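Note that the structure is a prediction, hence the values are computed from the model and not measured. Below, each value reflects all heavy atoms present in this structure, side chains not excepted, and no hydrogens, waters or symmetry copies.
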Amino acid sequence: MSREVHVRFWESARVRSPRATRQPLYRQHQRLAREGITLARATLSNITHRAIALLEPIYDAQLRHILLSRILAIDETPIKAGRKEKGTMRVGWYWPIYGLDDEVAFTFSRSRGSQHLLDTLNGFNGTILSDGHSAYRRYAKVVAGTAHAQCWTHTRREFVKSEKGEPEAVDEALELIGALFLVEAHIRDKNMDLAQVLACRAEHAKPAVDAFFAWCEQQCQRMDLVPSSPLSKALK
């Protein structure tokens, strides 16, 4: 690539399209063509690969530091990556891992199974905060000293799904969970430091959580609650 084309390429990305470098290469290629810049797609791929190679040691160091946290927040989201057959793309999975120092590392896997967690977390011992995907529960069962803490928002969502068949029970569940959300809103509003947060949660959040699980136990004793009902699934 000549110096003139190189300068025009980055000026186009930076000035005319500030989001260009966060877009897929084929879209960047289209934008450059509209700007009158003729550049092979392979050149863009090579530039990207060279940049990745330079950043990879930094990424590896950051991931190692994240895994030193006592608590990890993890999610998995699908992405089309690679051609499966003519006209279709394969589905892969990004697994963002968030640590206590506000760092995030995006790992990638072709599957959504727990094997990726076993390979990536390298025997992490601590608490994993996630949605209800079974891969996290399996990891916690296999790796000693690991606890799985499910996201309250996802827990609440399961009860909302069962609202049509069990409106009264769901109202009770949402009220109990809402009490916990109010505690967290109070913490944010008061801009508490860590010691104040722990004290506030011990005094207010723990009783709210205990009340919720006590309610769940009561619901599980109901003779009219069939295992296949949406409410049963939410309680599970």
- Message: Between Val209 and Leu176, is the side chain to side chain contact (heavy atoms under 4.5 Å, CB included) condition met? List the steps.
- Response: CA-CA 8 Å; Val209 172; Leu176 290 165; over 6 Å; no
- Task: Go through Leu25 and Thr48 one step at a time and tell me if the side chain to side chain contact (heavy atoms under 4.5 Å, CB included) criterion holds.
- Result: CA-CA 9 Å; Leu25 291 184; Thr48 302; 3.5 Å; yes
- Message: Please determine whether side chain to side chain contact (heavy atoms under 4.5 Å, CB included) holds for the pair Thr120 and Phe108, giving the CA-CA distance in whole Å, both sets of side-chain angles, and the decisive distance to 0.1 Å.
- Response: CA-CA 10 Å; Thr120 304; Phe108 177 80; over 6 Å; no
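For the pair Ala208 and Ala179, the tightest heavy-atom approach, listed with the atom from each and the gap, is CB-CB, 4.4 Å. Residue Pro230 comes nearest to Ser162 through the heavy atom pair CB-CB, 3.4 Å, listed as atom of the first residue, atom of the second, then distance. Closest non-hydrogen pair, Val183 versus His204, comes out as CG2-CB, 3.8 Å. Of all heavy-atom pairs spanning Trp93 and Arg110, the tightest one is CD1-O, 3.8 Å. Contact record, Val143 with Phe124: CG1-O, 3.6 Å, taken as the closest heavy-atom pair. Of all heavy-atom pairs spanning Asp75 and Pro96, the tightest one is O-CD, 3.1 Å.
Counting heavy-atom neighbours within 6.0 Å of Arg34 CZ, excluding the residue itself, gives a total above 12. The number of heavy atoms from other shown groups lying within 6.0 Å of CZ (Arg222) is above 12. Atom CD of Glu175 is surrounded by 12 or fewer heavy atoms from other residues, nucleotides or ligands within 6.0 Å.
Ring to ring, Trp152 and Phe212 are close: their centroids are under 6.0 angstrom apart.
Thr153 and Arg157 share no side-chain donor-acceptor pair at under 3.5 Å. At a cut-off of 3.5 Å, with distance as the only test, no side-chain donor of Gln150 or Arg137 sits close to an acceptor on the other residue. A donor-acceptor contact closer than 3.5 angstrom links the side chains of Ser229 and Ser232. Checking Glu76 against His133 by side-chain atom types alone, no donor-acceptor pair falls below 3.5 Å.
Applying the side chain to side chain donor-acceptor pair (under 3.5 Å) test to His148 and every residue at least two apart in sequence or in another chain returns Ser130.
By the 4.0 Å N-to-carboxylate-O rule, Asp60 lies too far from Arg64 to be salt-bridged with it. Glu166 has no carboxylate O lying under 4.0 Å from a charged side-chain N of Lys161, or vice versa, which leaves the two without a salt bridge. Comment: Glu158 does not engage Lys236 in a salt bridge, judged by the lack of any side-chain N to carboxylate O separation of less than 4.0 angstrom.
Contact check for Arg201 versus Lys206: no side-chain heavy atoms found under the 4.5 Å cut-off. In this structure the side chain of Leu118 reaches within 4.5 angstrom of the side chain of Tyr139, judged on heavy atoms. Asp193 places none of its side-chain heavy atoms less than 4.5 Å from the side chain of Val197. In this structure, Tyr26 and Leu44 have side chains that are not in contact, with every pair of non-hydrogen atoms separated by 4.5 Å or more.
Leu54 and Ile52 sit in two unconnected hydrophobic clusters of ILVMFWY residues. Membership requires side-chain heavy atoms under 4.5 Å apart, directly or through other members. Criterion: ILVMFWY side-chain heavy atoms under 4.5 Å apart, direct or through other members. Under it, Leu63 and Ile71 are not part of a common hydrophobic cluster.
Taking the six-membered ring where tryptophan is involved, the planes of His116 and Trp95 are tilted, since the angle between them lies from 30° to 60°.
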